[in-house]
Number of protein chains: 2
Amino acid sequence: MEDKREIMKHDSVGAWAKRLYFAARAMMDSVLRPYDLGSTQWYVLYQLANEGPTMQRDVVRMLRIERATLSGIVSTLVRKGLVDQTLDSVDQRQRMLRITRSGRKLWKELPDPTALILAIAFDGADPIELAITRRVLQTATQRLNEHISGGNQA
Amino acid sequence: MEDKREIMKHDSVGAWAKRLYFAARAMMDSVLRPYDLGSTQWYVLYQLANEGPTMQRDVVRMLRIERATLSGIVSTLVRKGLVDQTLDSVDQRQRMLRITRSGRKLWKELPDPTALILAIAFDGADPIELAITRRVLQTATQRLNEHISGGNQA
DNA sequence: TTCGATTCGATAGCTACCTAACAAATATTG
DNA sequence: CAATATTTGTTAGGTAGCTATCGAATCGAA
């Protein structure tokens with residue numbers, strides 16, 4: 001009764017990609033839990049703390065998530081008082097996101113969970129093998145994405 | 001303004017693992033959408049159709065998800081009439097899951113989305129590179145998981 | 001200039017994951 | 001045997017993703 005299939009079969013690359021993603025998420029969540037922050041909330045804060053005020057729609061592009069997803073995350077951050085969201089004066093459709101004072105204060109206390117994950121997961125790994133892995137994953141991802149857009153549009 | 005960080009930095013292995021997982025999920029979802037089934041629901045059906053009735057807690061182990069997560073998925077499948085859930089006669093804590101007649105009927109119409117994903121993503125890829133990739137991902141996952149259990153318990 | 005298309009954000013409703021807390025059943029142990 | 005511990009499943013509440021749809025603002029083109 002051994003385990004067989006998660007996303008895709010057996011112990012395929014796909015199954016391991018999923019497991020790595022979940023392990024990394026678990027680590028990130030456990031680092032951020034004391035601060036009551038989710039992982040994507042952290043990314044938004046990172047952006048605003050390091051690059052300054054950003055249009056909401058640019059954050060969508062950078063994080064590669066849907067507008068609707070970010071909309072919820074932003075409203076959570078606003079509710080917590082970490083971010084504020086104002087109408088852009090030129091284009092009234094767009095919203096400008098800006099970290100608040102208390103957001104910046106929290107940000108200063110925060111560890112960088114991504115650095116920790118990188119260190120634990122890949123420290124000492126062979127750079128060549130890492131490069132191969134990256135390329136294999138990237139190629140597979142591209143193929144799937146092309147198939148989805150191609151198949152649905154043509 | 002290029003994209004920087006998803007889970008972990010830049011175009012790290014971790015970031016690509018996440019992207020591959022989401023691309024595969026998107027493909028799986030799009031194949032299953034006409035049948036009104038989610039990906040994990042499909043895995044549960046797969047198990048019950050191919051291995052026969054299974055204890056709920058064994059499904060938890062095989063799918064590597066939390067009891068609470070499966071609980072919700074099972075109740076969805078029961079609501080749809082695809083699976084039934086009965087008390088075990090010996091151990092009244094446990095529930096036995098069994099595919100229903102209409103579940104089996106649906107199962108016969110269903111394509112295998114995992115085969116499709118494997119074909120699109122990895123067909124023609126170098127087996128050696130795939131093996132390397134699998135090993136890199138596996139090692140990284142193990143390291144993260146060890147760190148989580150180790151760090152929290154010791 | 002007006003009418004239609006596009007863009008941006010919000011909302012509703014869904015899947016899939018998680019933790020925490022609880023109740024019931026069973027196992028263990030003093 | 002009784003008290004305690006463990007196992008199993010559910011519920012509540014949270015995060016993170018998605019699609020579909022809507023309304024408001026803006027842009028373009030006839």
Side-chain angles (χ1 to χ4, degrees), chain A residues 6-7 18-19 21-44 54-61 63-80 85-97 113 148 152, chain B residues 6-7 18-19 21-44 54-61 63-80 85-97 113 148 152:
Chain A
E6 305 232 330
I7 207 82
K18 175 181 178 175
R19 289 183 199 128
Y21 168 62
F22 275 95
R25 265 285 300 273
M27 167 118 319
M28 185 139 183
D29 287 345
S30 78
V31 169
L32 294 176
R33 191 160 312 125
Y35 306 93
D36 196 33
L37 267 189
S39 55
T40 307
Q41 295 172 36
W42 183 89
Y43 286 123
V44 172
T54 311
M55 287 302 180
Q56 186 160 329
R57 62 139 234 268
D58 292 325
V59 176
V60 161
R61 279 177 199 141
L63 263 41
R64 301 192 184 183
I65 56 181
E66 289 300 311
R67 276 175 299 153
T69 305
L70 183 60
S71 180
I73 287 162
V74 165
S75 68
T76 302
L77 290 169
V78 168
R79 178 171 42 73
K80 291 179 183 170
Q85 185 191 42
T86 54
L87 280 169
D88 183 54
S89 43
V90 252
D91 186 340
Q92 302 269 106
R93 288 170 305 185
Q94 298 185 199
R95 265 100 172 134
M96 174 71 88
L97 302 180
I148 287 173
N152 289 7
Chain B
E6 304 230 331
I7 208 84
K18 174 179 179 177
R19 288 181 199 131
Y21 167 63
F22 275 95
R25 266 283 301 273
M27 167 117 321
M28 185 140 183
D29 287 346
S30 77
V31 169
L32 294 175
R33 190 161 311 125
Y35 305 93
D36 197 32
L37 269 187
S39 55
T40 307
Q41 296 172 34
W42 184 89
Y43 286 123
V44 173
T54 312
M55 286 303 180
Q56 186 160 330
R57 62 138 233 267
D58 292 326
V59 176
V60 161
R61 278 176 201 143
L63 263 41
R64 301 193 184 182
I65 56 182
E66 289 302 310
R67 277 174 299 152
T69 305
L70 183 59
S71 180
I73 287 162
V74 165
S75 70
T76 302
L77 290 170
V78 169
R79 178 168 45 72
K80 291 179 183 170
Q85 185 191 43
T86 54
L87 280 169
D88 183 53
S89 43
V90 255
D91 186 338
Q92 303 269 107
R93 286 170 304 187
Q94 298 186 198
R95 265 98 173 136
M96 174 71 88
L97 302 180
I148 287 173
N152 288 6

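What you are looking at is a predicted structure, and each value in this text was computed from that prediction instead of being measured. Residue numbering restarts at 1 for every chain, and letters A, B, ... go by the order of the sequence lines.
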Exercise. Has A:S71 got a side-chain N or O lying under 4.0 Å from the OP1 or OP2 atom of C:dC8?
Worked result: no
For this session: Please state how far atom CG in B:L77 lies from atom C1' in C:dC14, giving the value in whole angstrom units.
Result: 14 Å
For this session: Measure the distance from CZ on A:F22 to P on C:dC18 and round it to the nearest whole Å.
Result: 7 Å
Exercise. Below 4.0 angstrom from OP1 or OP2 of C:dA16, is there any side-chain N or O of B:S39?
Worked result: yes
Problem set entry | A:R64 vs D:dC18: side-chain N/O to OP1/OP2 distance below 4.0 Å | no
For this session: May I have the distance from A:M27 (atom CE) to D:dT15 (atom P), rounded to whole angstrom?
Result: 20 Å
For this session: Specify the separation, in whole Å, of atom NZ of A:K18 and atom P of C:dC17.
Result: 4 Å
Exercise. For B:D91 and B:L37, take the nucleotide of DNA chain C holding the closest heavy atom to each; which residue's nucleotide lies nearer the 5' end?
Worked result: B:L37
For this session: Dump the intermediate steps for side chain to side chain contact (heavy atoms under 4.5 Å, CB included) on B:K80 and B:L37, then the final yes or no.
Result: CA-CA 10 Å; B:K80 291 179 183 170; B:L37 269 187; 4.2 Å; yes
Exercise. Start at the 5' end of DNA chain D and walk down; is the nucleotide closest to A:R79 or to B:V74 reached first?
Worked result: B:V74
For this session: Check the distance between C:dC8's C1' and A:L97's CG and give it to me in whole angstrom.
Result: 12 Å
Problem set entry | Pairwise 5' ranking along DNA chain D for B:V60 and A:D29, keeping only the more 5' one | B:V60
For this session: Could you check A:S75 against A:R33 and say which one's nearest nucleotide on DNA chain C is further toward the 5' end?
Result: A:S75
Seminar exercise, completed: From CG of A:D88 across to P of D:dT26 the rounded distance in Å is 9 Å
For this session: State whether B:Q41 places a side-chain N or O below 4.0 Å from either non-bridging phosphate oxygen (OP1 or OP2) of C:dA16.
Result: yes
Exercise. Using a cut-off of less than 4.0 Å, is there contact between a side-chain N or O of B:Q85 and OP1 or OP2 of D:dT10?
Worked result: yes
Problem set entry | d(CG, B:L70; P, C:dT19) in whole Å | 15 Å
Problem set entry | Length of the line joining B:E66:CD and D:dT8:P, which is rounded to integer Å | 13 Å
